[in-house]
Colleague: 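This is the structure I want to talk about, given as structure tokens.
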There are 2 protein chains.
Amino acid sequence: MPYGCGVTKTSPAPDQLRPAGRATRAAIEAAARVLFADRGFEGASVRAIAAEAGVDPALVIRHFGSKEALFLRTVDTSLGIGSVIEGPLETVGRRLVAYFLDPALPGLRKRFVALAQAAHHDQVREEMVRHTAETYVAPLVPRLTGEHRELRAALAVAQLAGLLNLLFVQEDPIVSGADPETVIAIYGDAIQRLLTPESAA
Amino acid sequence: MPYGCGVTKTSPAPDQLRPAGRATRAAIEAAARVLFADRGFEGASVRAIAAEAGVDPALVIRHFGSKEALFLRTVDTSLGIGSVIEGPLETVGRRLVAYFLDPALPGLRKRFVALAQAAHHDQVREEMVRHTAETYVAPLVPRLTGEHRELRAALAVAQLAGLLNLLFVQEDPIVSGADPETVIAIYGDAIQRLLTPESAA
DNA sequence: TGGGAGTGTCAACACCGTTGACCGAAACCG
DNA sequence: CGGTTTCGGTCAACGGTGTTGACACTCCCA
């Protein structure tokens with residue numbers, strides 16, 4: 001086992017810090033937010049984050065315990081879907097797809113890629129499934145009707161993730177080059193049928 | 001730029017090798033196949049592969065140019081879906097889902113995870129989209145009817161990838177714990193509707 | 001007046017992928 | 001047959017990674 005298996009001693013809780021500590025913590029978090037989003041999890045090294053924050057690399061680990069923990073505290077695991085999901089249920093499929101096809105969200109692609117990359121680390125993966133269950137699946141379930149509501153909601157989210165993977169990780173030319181309205185209609189309706197099968201034609 | 005950006009000098013084509021070279025190449029490939037499948041792309045180090053093959057780590061790079069190239073030559077990017085896709089089109093959705101839910105394929109999960117991990121490296125990613133387009137999408141397209149045939153086939157594959165990600169990478173407890181027949185019915189039919197929308201109820 | 005706790009610095013560890021220098025043996029060729 | 005090129009392999013090293021231990025300094029509190 002290479003790293004991080006022992007109990008590493010982290011800084012105390014942020015609410016009992018001295019001003020100096022709080023400032024450098026904030027600087028490190030800010031630098032990490034920028035570099036993780038820009039270069040992905042593997043591409044942003046602890047040393048680069050420390051340099052960006054004007055700080056010794058060891059301090060990064062001292063304060064946050066590990067690179068993985070820093071990533072978890074830093075990166076916004078939510079992708080801003082919350083407001084989309086809360087909208088009218090009958091059109092949520094198309095609206096979800098349209099949201100991610102909107103080219104006016106340039107940072108979104110990089111954020112998703114960073115998350116997908118980091119998903120291969122245990123702590124990050126666990127946080128992601130927790131977050132997905134809590135903020136995507138859970139609010140959907142009580143609004144559904146019929147059988148297997150939780151399973152259908154989870155599968156709908158998985159289907160959406162499949163599109164994001166194709167778009168952002170694979171950068172598939174077929175879908176990227178296709179007419180956005182067509183993709184929204186076809187794939188959005190497919191997601192919609194998982195959520196509200198009775199409303200399908 | 002860290003590695004592999006220059007033109008690295010690789011061994012000559014395998015068909016004009018001396019017997020010794022051919023043997024060690026085979027040993028390295030065999031060791032790589034085992035370790036990549038077992039530990040994933042990042043988890044299997046060049047040094048570990050070399051040790052498993054009883055060979056100097058430098059030889060691995062000498063023969064294959066880079067770890068990424070070794071991965072490409074080694075790992076079977078196909079997941080065995082070919083025969084499933086070639087079956088009757090009217091039931092391909094459920095059969096695809098059923099294929100990946102079959103617990104009798106223990107190596108499949110690890111192979112997929114290794115591929116997903118390595119997908120963040122450029123050469124591997126390009127080979128994957130090429131392979132996907134060639135062996136999954138292409139044979140499907142001519143059998144479809146209606147509009148946007150290529151796009152629908154690509155989206156169906158993306159939807160399937162979404163399930164694999166949920167199952168194998170995220171290891172989501174909801175889907176893993178659900179009744180396989182239910183998942184096959186719900187998600188399989190959803191994929192089927194992308195491919196043959198006119199045959200839906 | 002201590003003493004601990006928070007904060008920061010530095011060098012080092014063990015690992016990673018990769019490369020350059022060098023050597024022996026085999027193959028080709030005049 | 002001798003010479004030269006190529007191939008196969010070994011070794012040490014480079015620059016990079018995340019992380020840790022030893023140490024010094026400063027602040028606050030008993």
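If you're wondering where the values come from, they're calculated on a predicted model, not measured in any experiment. The chains referred to below are lettered A, B, ... by the order of the sequence lines, with proteins before strands, and numbering in each begins at 1. Reckoned from all heavy atoms, side chains included, excluding hydrogens, waters and symmetry mates.
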Colleague: Counting N and O atoms only, with roles assigned by atom type, does the side chain of Gln192(B) sit under 3.5 Å from a partner on the main chain of Leu89(B), one being a donor and the other an acceptor?
Modeller: yes
Colleague: Taking Lys110(B) for its side chain and Phe36(B) for its backbone only, find out whether a donor-acceptor pair lies under 3.5 Å.
Modeller: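 Between the backbone of Phe36(B) and the side chain of Lys110(B) there is no qualifying donor-acceptor contact (under 3.5 Å).
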Colleague: Within this structure, what is the CD-to-P distance between Glu68(A) and dG18(D), rounded to whole angstrom?
Modeller: 12 Å
Colleague: Counting side-chain heavy atoms from C-beta on, which of dG18(D), dG9(D), dT19(C) comes nearest to Lys67(A)?
Modeller: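 Of dG18(D), dG9(D), dT19(C), dG18(D) is nearest to the side chain of Lys67(A).
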Colleague: Could you give the CD-to-C1' distance, from Gln123(A) to dG18(D), as a whole number of Å?
Modeller: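 My rounded result for the distance is 14 Å.
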Colleague: What integer distance in Å separates Asp56(B):CG from dA21(C):P?
Modeller: 17 Å
Colleague: Taking atom P of dG17(C) as reference, at what distance in whole Å does atom CZ of Phe64(B) sit?
Modeller: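 Distance, rounded to whole Å: 15 Å.
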Colleague: Tell me: CD1 of Ile28(B) to C1' of dG8(D), nearest whole Å?
Modeller: 11 Å
Colleague: For the pair made of CZ in Arg62(B) and C1' in dG17(C), what is the distance, rounded to whole Å?
Modeller: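 That distance rounds to 13 Å.
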Colleague: To the nearest Å, how far apart are Ile61(A) CD1 and dT17(D) P?
Modeller: 12 Å
Colleague: For the aromatic rings, using the six-membered ring if either is Trp, is the centroid distance between His120(A) and Phe41(A) under 6.0 Å?
Modeller: no
Colleague: Which sits closer to the 5' end of DNA chain C, Leu59(A) or Arg47(A), going by the nucleotide each is nearest to?
Modeller: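 Mapping each residue to its closest nucleotide by heavy atoms, the 5'-most match is Leu59(A).
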Colleague: Below 4.0 angstrom from OP1 or OP2 of dG8(C), is there any side-chain N or O of Thr24(A)?
Modeller: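 So the side chain of Thr24(A) is within the cut-off, an N or O lying under 4.0 Å from OP1 or OP2 of dG8(C).
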Colleague: If each of Ser45(A) and Ala58(B) is mapped to the nucleotide of DNA chain D with the nearest heavy atom, which maps nearer the 5' terminus, i.e. the 5' end?
Modeller: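 Of the two residues, Ala58(B) wins.
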Colleague: Compare side-chain N and O positions of His63(B) against OP1 and OP2 of dG9(D) and report whether any pair is under 4.0 Å apart.
Modeller: yes
Colleague: Just how far, in rounded Å, is P of dG18(D) from CD1 of Ile49(A)?
Modeller: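 After rounding, the gap between these two atoms is 8 Å.
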Colleague: Can the ring centres of His131(A) and Tyr136(A) be said to be less than 6.0 Å apart?
Modeller: yes
